[in-house]
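Chain letters run A, B, ... following the sequence lines, proteins first and then strands; every chain starts at 1.
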Number of protein chains: 2
Amino acid sequence: MQYSKSTDYALHALIHLAQAEGRENIGIKPLAHSLGVSESYLSKIMSKLRQDGLVRSVTGVKGGYELARPPRDITFLDVIQVIEGRQELYVCSNLDSKQHRTYFAGPDEAPPQRHDQCLVKRVMDGAQQQMDRYLRGHTIQTVLDEAAAVRSEECSSRRTQA
Amino acid sequence: MQYSKSTDYALHALIHLAQAEGRENIGIKPLAHSLGVSESYLSKIMSKLRQDGLVRSVTGVKGGYELARPPRDITFLDVIQVIEGRQELYVCSNLDSKQHRTYFAGPDEAPPQRHDQCLVKRVMDGAQQQMDRYLRGHTIQTVLDEAAAVRSEECSSRRTQA
DNA sequence: GTTATTATGGATACTAACAATCCACAATTC
DNA sequence: GAATTGTGGATTGTTAGTATCCATAATAAC
């Protein structure tokens, strides 16, 4: 199980747009070149991001893309869900198997269960919630901030060396 | 992105074995039947679990599978890593793109970076760690316990009704 | 030892998702 | 009107996951 390359491209593209915030639109050409991916493929991804309201686009000369919201309001989870879809990490394909009856089995004449959710799924959903919470807490701005922090650290260490 | 059906089968199979702990080996036939999956396919999965030391197997008449460790020592993460492989959830395919140079870009004559890790990857690795920690904290025994809890709750509510 | 049973591993096939490209078209600036 | 730029449809190749079949090896029971 692994996130697709598309997600990778999308995240990096958004960061690139964020770095140019407020100045100008960025066309697919420089964007694709900067990420090292073909224009045709990246344009598909950008379209998705546009349809879901993460970026705006302008056609024609001087056109291109820009963020539709401030970087602080674009979470990693947002981006992932747009590209990968809002699907659950785990789906139990066994729901009508004997297995789940044994989980809850009282006497055979037991009434229909209220707890009809797979116990494995309960755990897996918990895991996904952990991850989602983390991804919701990190935004494009987070990366920008870290990049700035790294840069200033670099500079000071270089000054120390000299 | 989604966990494979194989992971689903593996988890349910292990729970099944755990429920029969210490009594007898369980053959592929009843196991597959109980999960609602073909014997041939499940046997591949069981082989993997054996190769990685999660179950033991005996061939021949009266053969079958049993857990190789107590249920408390088989974590969800163990099972997932055996089936899905120990791969990282996120791989940055852009490492040599302009993008990462702009993250850290001081003056162009800057020395080779120590912080050569993608900042996007840093976030994504953090997310995976959150999930892994959760999955490491839940075991086959966890499910057994919850199943018991649900059962007793069912019983008591049935008693109350009567 | 022979037979029936049971797991193992190799080979193979099918399918769906992902990755990638190309092209005709629409919108916009100059 | 011409050049530029994004959009969406169609198409193709590749890979991972799903699934099956069969020959083989190991073991218990007789």
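No side-chain heavy atom of B:M46 sits less than 4.5 Å from a side-chain heavy atom of B:S57. Using a 4.5 Å heavy-atom threshold, the side chains of A:Q141 and A:D73 count as separate. The side-chain heavy atoms of B:T139 and B:I74, taken from C-beta on, include no pair separated by under 4.5 Å.
Summarising the geometry, the separation between OH on B:Y90 and P on C:dC18 is reported as 16 Å, rounded to the nearest angstrom. Atom P of nucleotide D:dT27 and atom CZ of B:R56 are separated by 15 Å, given to the nearest angstrom. The distance from atom CD1 of A:I45 to atom P of C:dC18 is 12 Å, rounded to the nearest whole Å. The nearest whole Å value for the distance from the CG atom in B:L42 to the P atom in C:dG9 is 15 Å. Counting to the nearest Å, the C1' atom of C:dA17 and the NZ atom of A:K5 are 14 Å from each other. Rounded to whole Å, atom C1' of C:dA19 lies 16 Å from atom CG of A:L35. Distance B:E39 CD to D:dC22 C1': 14 Å, rounded to the nearest Å. If you take CD of B:E24 and C1' of C:dT5, they are 16 Å apart, rounded to a whole angstrom.
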* Structure fact -> Once base and sugar-phosphate atoms are separated, protein heavy atoms under 4.0 Å mark nucleotides 5-16 of chain D, 5' to 3', with B, S and - as BSSBBB------
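Cluster annotation: A:L89 is connected to B:Y90 through the hydrophobic network of ILVMFWY side chains, with a link wherever side-chain heavy atoms come within less than 4.5 Å.
Among pairs with a residue in residues 2-16 of chain B, none fulfils salt bridge (charged side-chain N to carboxylate O under 4.0 Å, His left out), at least two apart in sequence or across chains. Pairs passing the ring-ring contact (aromatic ring centres under 6.0 Å, His included) check and including a residue from residues 52-75 of chain B, sequence neighbours excluded, do not occur. For residues 50-70 of chain B, the set of pairs meeting the salt bridge (charged side-chain N to carboxylate O under 4.0 Å, His left out) definition, not counting sequence neighbours, comprises B:D52-B:R86, B:R56-B:E66, B:R69-B:D78.
Nucleic acid contact class of B:Y9 (heavy atoms, under 4.0 Å, all strands): sugar-phosphate only.
The side chain of B:S38 contributes no N or O atom lying less than 4.0 Å from OP1 or OP2 of D:dA19. Neither OP1 nor OP2 of C:dT8 sits under 4.0 Å from any side-chain N or O of B:K48. Residue B:Y41 places no side-chain N or O under 4.0 Å from the OP1 or OP2 atom of D:dT20.
For B:S40, taking side-chain heavy atoms from C-beta onward, the closest of the listed nucleotides D:dT20, C:dC18, D:dT18 is D:dT20.
Looking at residues 75-89 of chain A, you'll see that no heavy atom sits under 4.0 Å from any atom of DNA chain C.
Among the candidates B:L54, B:T7, B:L77, the single residue satisfying the side chain to side chain contact (heavy atoms under 4.5 Å, CB included) test with B:V82 is B:L54.
Taking the ring pair (Phe, Tyr, Trp, His ring centres under 6.0 Å) definition, one finds that B:Y3 meets it with nothing, sequence neighbours left out.
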